[in-house]
Number of protein chains: 2
Amino acid sequence: MPTHFSGSAADVRALNLLIKLMRASMTVKTQLSRAVTGHGLTEPQFGVLETLYFLGPLSPSALSHKRLSSGANITTVLDNLEKRELVRREQSEEDRRCSRVQLTPEGRRLIARIFPGHVAAARELFSVLTAAEQETLAELSRKLGVGIVERASRAPKAPRRAAQSAGRK
Amino acid sequence: MPTHFSGSAADVRALNLLIKLMRASMTVKTQLSRAVTGHGLTEPQFGVLETLYFLGPLSPSALSHKRLSSGANITTVLDNLEKRELVRREQSEEDRRCSRVQLTPEGRRLIARIFPGHVAAARELFSVLTAAEQETLAELSRKLGVGIVERASRAPKAPRRAAQSAGRK
DNA sequence: TATTGTTATACTCTATAACTATA
DNA sequence: TATAGTTATAGAGTATAACAATA
């Protein structure tokens with residue numbers, strides 16, 4: 001798509017970056033998802049297991065924040081994982097509205113078995129870049145991701161940074 | 001998740017890059033999708049319209065290759081676009097198995113209206129990086145994406161380049 | 001026989017809104 | 001009233017397999 005588009009230099013640069021970045025990330029994602037689907041897991045399911053594996057038991061609402069999806073959606077994904085007995089929900093005793101989601105032994109076993117291969121596959125894919133290039137790419141990605149989130153939180157709605165709560169009331 | 005993982009230096013580097021790259025691309029994608037869903041389009045629908053807009057009429061099979069999804073899936077997405085009269089299918093006269101998918105005037109109008117804002121939004125997001133950083137990120141992304149695809153096509157199935165058809169029979 | 005495309009089928013994901021239980 | 005989570009509902013995406021039409 002890079003052709004046919006005429007705009008400012010900044011527009012052309014942005015579009016070029018957008019295409020390259022999306023294509024690269026999609027390619028990586030697609031390649032890596034093979035290992036995951038091979039174990040009968042969908043990508044969201046894998047993401048939830050991985051999150052629980054590294055962060056420990058979490059409430060559904062915490063999971064929905066971490067995974068950036070709605071509560072109802074997390075409920076669905078957890079239902080599917082619970083059917084396969086990979087996670088378990090336990091009700092909290094202090095606040096009985098809350099629950100804690102944790103890996104079952106089988107769930108832990110599965111993610112522990114998949115994860116090293118997942119990393120190895122990523123290492124293999126990334127080996128088309130030198131170590132230095134990988135580090136540069138990681139750093140620029142980090143700066144981009146963090147920068148966007150920070151900017152968004154600084155100016156929740158308005159396009160310019162203006163004191164929003166000081167506006168009309 | 002970067003914590004808690006112990007592996008070789010290459011593994012740690014790969015996992016770090018994977019997390020940063022996926023997070024950045026997801027953040028960009030999520031931000032940009034708002035404009036698209038605002039027009040009642042899903043991401044796959046937008047992708048198909050965009051592809052037809054820049055490449056002209058294509059067959060469903062060509063679309064499924066471009067978009068990296070199955071033929072049946074493209075059929076579904078095209079059905080949904082056709083319901084809204086944004087694309088039209090025409091049967092080829094030479095090879096009557098084939099068809100050509102093209103934008104309707106409304107489809108062209110819609111994508112032409114959305115696309116500039118899409119680019120502008122990308123430009124705005126990427127402005128957290130300098131122009132030089134954007135170019136570096138694009139170049140490394142390109143190298144990564146192209147490198148993976150080339151490597152995969154060189155060794156279609158086997159992990160090592162060995163004459164596959166010379167194996168057992 | 002091989003190719004193009006659709007149908008049939010079956011899930012999973014996803015969101016919004018309404019609801020339950022608790023605080 | 002507000003919060004945590006589920007249910008209800010609806011639709012879109014996705015894939016595999018079977019099929020039709022054509023080459």
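Just so it is clear, the values below take in all heavy atoms, side chains as well, and ignore hydrogens, waters and symmetry mates. In what follows, every chain begins at residue 1, and chains take the letters A, B, ... in the order their sequences are listed.
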Student: On DNA chain C, nearest-nucleotide positions of A/Arg97 versus B/Cys98: which is more 5'?
Tutor: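 Nearer the 5' end of the strand: B/Cys98.
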
Student: Using atom CG of B/Leu68 as one end and atom P of D/dT14 as the other, report the distance to the nearest whole Å.
Tutor: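 Taking CG of B/Leu68 and P of D/dT14, I get 11 Å after rounding.
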
Student: Return the value, rounded to whole Å, for the distance between atom CD of A/Glu93 and atom C1' of C/dA21.
Tutor: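 After rounding, the reported distance stands at 17 Å.
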
Student: For A/Leu81, run the side chain to side chain contact (heavy atoms under 4.5 Å, CB included) check against A/Val101, A/Thr42, A/Leu52, A/Val48 and tell me which one passes.
Tutor: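 So, applying the side chain to side chain contact (heavy atoms under 4.5 Å, CB included) to A/Leu81 and each of A/Val101, A/Thr42, A/Leu52, A/Val48, only A/Val48 qualifies.
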
Student: Of the options D/dA15, D/dT7, D/dG5, whose atoms approach the side-chain atoms of A/Ser59 most closely?
Tutor: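 So the nucleotide nearest the side chain must be D/dG5.
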
Student: Quick check for you: among C/dC13, C/dG5, C/dA17, whose closest atom lies nearest to any side-chain atom of A/Val77?
Tutor: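 So the side chain of A/Val77 is nearest to C/dC13.
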
Student: Could you state the atom-to-atom distance from NE2 of A/His39 to P of C/dT12 in whole Å?
Tutor: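 Computing the A/His39:NE2 to C/dT12:P distance gives 18 Å.
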
Student: Counting just side-chain N and O atoms, does B/Ser70 come under 4.0 Å of either OP1 or OP2 of D/dA15?
Tutor: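 Yes, within the criterion.
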
Student: Taking B/Ser141 for its side chain and A/Ala24 for its backbone only, find out whether a donor-acceptor pair lies under 3.5 Å.
Tutor: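 Checked: no pair found.
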
Student: Looking across every strand, which nucleic acid part, if any, lies under 4.0 Å from B/Thr76 by heavy atom: base, sugar-phosphate, or nothing?
Tutor: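 Base contact.
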
Student: Please give, in whole Å, the distance from D/dG5 P to A/His65 NE2?
Tutor: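 Distance, rounded to whole Å: 10 Å.
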
Student: For B/Leu41 and B/Gln45, which heavy atoms make the closest approach, and how far apart are they?
Tutor: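 Closest approach of B/Leu41 to B/Gln45, heavy atoms only: CA-OE1, 3.5 Å.
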
Student: With heavy atoms under 4.0 Å as the rule, sort A/Arg89 into base, sugar-phosphate or nothing.
Tutor: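 Sugar-phosphate contact only - A/Arg89 comes under 4.0 Å of backbone atoms but never of a base.
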
Student: Nearest whole angstrom, please: distance from the C1' of D/dT6 to the CD of A/Glu82.
Tutor: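 From A/Glu82 CD to D/dT6 C1': 12 Å.
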
Student: Need one value for B/Asn80: base, sugar-phosphate or nothing, where a base atom within 4.0 Å counts as base even if backbone is also close, heavy atoms only.
Tutor: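 Result for B/Asn80 = sugar-phosphate.
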
Student: In the single-linkage hydrophobic clustering (I, L, V, M, F, W, Y; side-chain heavy atoms under 4.5 Å), do A/Leu140 and B/Val146 co-cluster?
Tutor: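 The answer is no; the residues belong to distinct hydrophobic clusters.
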
Student: Could you state the atom-to-atom distance from CZ of A/Arg88 to P of D/dG5 in whole Å?
Tutor: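 The distance from CZ of A/Arg88 to P of D/dG5 comes to 17 Å, rounded to the nearest Å.
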
Student: Closest to the A/Pro44 side chain: C/dA15, C/dC13, C/dA8?
Tutor: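 Of the options given, the side chain of A/Pro44 lies nearest C/dC13.
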
Student: Locate the shortest heavy-atom distance separating A/Phe115 from A/Glu50; write the atom from each residue and the value.
Tutor: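 In terms of heavy atoms, the two residues are closest at CE1-OE2, 3.3 Å.
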
Student: Whole Å only: how far is the CD1 atom of A/Ile74 from the C1' atom of D/dG5?
Tutor: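 Result: 12 Å.
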
Student: Check this one for me: any side-chain N or O of B/Thr75 less than 4.0 Å away from OP1 or OP2 of C/dT7?
Tutor: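 No, outside the criterion.
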
Student: Just how far, in rounded Å, is P of C/dA15 from CZ of B/Arg34?
Tutor: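 Rounding to the nearest Å, CZ of B/Arg34 and P of C/dA15 are 12 Å apart.
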
Student: So do the side chains of A/Leu78 and A/Leu63 get within less than 4.5 Å of each other, counting heavy atoms only?
Tutor: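 Yes, close enough: below the 4.5 Å cut-off.
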
Student: Within the structure shown, what part of the strands sits under 4.0 Å from A/Glu94 by heavy-atom distance: base, sugar-phosphate, or nothing?
Tutor: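 Sugar-phosphate contact only - A/Glu94 comes under 4.0 Å of backbone atoms but never of a base.
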
Student: Quick check: on DNA chain C, is the nucleotide nearest A/Asn73 upstream (toward 5') of the one nearest B/Ser99, or the reverse? Name the residue that is more 5'.
Tutor: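 First, find each residue's nearest nucleotide; the 5'-ward one identifies B/Ser99.
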
Student: Once you apply a heavy-atom cut-off of 4.0 Å, does A/Thr42 come out as touching a base, just sugar-phosphate, or nothing?
Tutor: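 A/Thr42: backbone/sugar contact only, no base atoms under 4.0 Å.
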
Student: Checking all strands, does A/Gln45 fall into the base, sugar-phosphate, or nothing category for heavy-atom contacts under 4.0 angstrom?
Tutor: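 Counting heavy atoms under 4.0 Å across all strands, the contact made by A/Gln45 is with sugar-phosphate only.
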
